[in-house]
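Heads up, the thing below is written out as structure tokens.
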Amino acid sequence: MSAKNKRALRTALQTLAAVAAVMPALAAFLSDSALAVAAPWLVAAAGSAAVVAGFVARVMASPIAEAFLDRFGLGLVDDNGGGAR
């Protein structure tokens, strides 16, 4: 797997973990409100957020986006493969 794909997958997993951390509180809130019918939609939205985050991370790792971000000092600094030293 390429480094760019690994970064995109890591971003998707991080987003999914963040959304999963909020889900119990959201479920408790929804169970006490009239919005309980929206729960399946919210679970689907959480999964979609992780997929979109992974896609955006993959696009951001493209050479074109990287060149654009380098103009603002936001390009990747670990072009050595991301290994720890």
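Note that the coordinates shown come from a computational prediction; the quantities given were computed from them, not determined experimentally.
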Original post:
Hey, what do you get for NZ (Lys6) to CZ (Arg10), rounding to the nearest 0.5 Å?
Top reply: 10.0 Å
Original post:
Atom CG of Leu9 and atom CG of Leu16: how far apart are they, to the nearest 0.5 Å?
Top reply: 10.5 Å
Subject >> Counterpart residues, side chain to side chain contact (heavy atoms under 4.5 Å, CB included), relative to Val51 (two or more places apart) >> reply: none
**OP:** State which residues pass side chain to side chain contact (heavy atoms under 4.5 Å, CB included) with Asp70; sequence neighbours excluded, sorted by chain then number.
**Re:** Glu66
Original post:
For Val59, which fellow cluster members are found when Ile, Leu, Val, Met, Phe, Trp and Tyr are connected by side-chain heavy-atom distances below 4.5 angstrom, either directly or through intermediates?
Top reply: Phe55
Subject >> Residue list, side chain to side chain contact (heavy atoms under 4.5 Å, CB included) with Ser48, at least two apart or on another chain >> reply: none
Original post:
If Ile, Leu, Val, Met, Phe, Trp and Tyr residues are connected whenever their side-chain heavy atoms lie under 4.5 Å apart, and connections chain through other members, are Val56 and Ile64 in the same group?
Top reply: no
Original post:
Under the side chain to side chain contact (heavy atoms under 4.5 Å, CB included) test, which residues partner Ala53, sequence neighbours left out?
Top reply: Thr11, Thr15
**OP:** Might you point out which heavy atoms bring Gly54 and Ala12 nearest each other, and give the distance in Å?
**Re:** CA-CB, 3.9 Å
Can you give me every donor-acceptor pair (side chain of residues 18-29, partner residue at least two apart or in another chain, under 3.5 Å) with its distance?
none

Subject >> Heavy-atom closest pair, residues Met60 and Ala65 >> reply: O-CB, 3.6 Å
